[in-house]
Amino acid sequence: MKNYLIDTTIDGHVHTKLCHHARGEMEEYVLAAINTGLRKLIFLEHLEVGINYFESTWLTEEDFNYYHEEGKRLQEKYQDRIEIGLGIEVGYNPKFLKETQRRLALHTWDRIGISYHFLETDSAHLNMVSSKQVNIDAMDQFGVHEIVTRYYKNLQNAVEKLPGQVLCHIDAVLRHHPNVVMTQEHNALIDELLDSVARNNMSLEVNTSGYRIKDEPSPSLDILRKAIKKNIPLVAGSDAHRPEDVGRHFDRLPGLMEKIG
Ligand SMILES: [Zn+2]
Ligand SMILES: [Zn+2]
């Protein structure tokens, strides 16, 4: 049963200081990956387009030019020790789909991961996956139930409209909000989203950064079981924002797969 397997020799999701909320040079992440014995490391830096938010948590066009230059240098320098992929975590913004596609077309990507962090409100965008109080307050004001609904609907649009290979953060919405209740309606939306993922031949990310917050990866076992039933391949990502988090908790994944099976 191929879908019960997950390759823990590849960390398919790490950031760098280029996104302003992570630390460490690209080379430090490569060295950390080599030290933990990974066979492959894929950078998956943030792209957001047309977001009106009080800080930038993503890369500019110039940043991505540097990212590719430096990435290629590192690929050559470490070619005997590790494989390095240059990917992108593209955030969905329905109003800027064309511009997002233009930005994606500027480079070749070893992996395109899809996520959805920013929801448009009347005044600005709010970050649905943030732990900052200003976002938690904005979410309360907007309505938690409605945000979760929009999260899943738009994530499905993103899967249908963007050329992604991996869906990241399927259950990240409101992960820091204390009062999230998933309803029947939400669970049905997750089912539909997973159907889109399967139809578009995408993989689902098992994000081990979840182990930092609770004793589970992200997404929950429930969602992982649903994904496996739909024959969606699972890929591992640490979502490291610090070099020391590369490949973190990957040792727990084989046991997890057994539990799911
Ligand atoms: Zn990030
Ligand atoms: Zn990420």
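Note that ligands are numbered from 1 as they come in the structure, with each ligand's atoms numbered from 1 the same way. All residue numbers in this chain count up from 1 along the given sequence.
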message: Quick check against the 3.5 Å criterion: does His241 have a side-chain atom that pairs as donor or acceptor with the backbone of Asp239?
response: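 Here the side-chain-to-backbone pair exists.
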task: Could you tell me which N, O or S atom of Glu89 is nearest to the Zn ion (ligand 2)?
output: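 Atom name of the closest N, O or S in Glu89: OE1.
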Identity of the N, O or S atom of His15 lying closest to the Zn ion (ligand 2):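 This residue's closest N, O or S atom turns out to be NE2.
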Trp109 and His68 aromatic centres sub-6.0 Å: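 Here the rings of His68 and Trp109 have centres that are less than 6.0 Å from each other.
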task: Please find out if less than 6.0 Å separates the ring center of Trp58 from that of Tyr53.
output: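 Centroid separation for Trp58 and Tyr53: 6.0 Å or greater.
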- prompt: Of all the atoms in His169, is at least one N, O or S atom closer to the Zn ion (ligand 2) than 2.8 Å?
  reply: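 So His169 does not count as coordinating the Zn ion (ligand 2).
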field: Presence of N, O or S from Cys168 under 2.8 Å of the Zn ion (ligand 2)
entry: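 No, since none of the N, O or S atoms of Cys168 sits under 2.8 Å from the Zn ion (ligand 2).
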- request: Please confirm whether Arg103 makes a cation-pi placement over Phe64, using NZ or CZ under 6.0 Å from the six-membered ring centre and within 45° of the ring normal.
  value: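 No, Arg103 and Phe64 do not form such a contact.
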query: Under 4.5 Å between any side-chain heavy atoms of Ile136 and His176, yes or no?
result: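 Ile136 vs His176: side chains touch.
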query: Got an N, O or S from Cys19 under 2.8 Å of the Zn ion (ligand 1)?
result: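 No, since none of the N, O or S atoms of Cys19 sits under 2.8 Å from the Zn ion (ligand 1).
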task: Measure from the Zn ion (ligand 1) to every N/O/S atom of His21 and report the name of the nearest one.
output: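 Looking only at N, O and S atoms of His21, the one nearest the Zn ion (ligand 1) is named NE2.
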message: Nearest N/O/S atom of His46 with respect to the Zn ion (ligand 1), by atom name, please.
response: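 This turns out to be NE2.
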- request: State the CD1-OG1 distance between Ile82 and Thr9, to the nearest 0.5 angstrom.
  value: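 With rounding to 0.5 Å, CD1 (Ile82) is 9.5 Å from OG1 (Thr9).
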- request: Quick one: the OD1 of Asp239, the Zn ion (ligand 2), NE2 of His13 angle, rounded to 10°, please.
  value: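 If I round to 10°, I get 80°.
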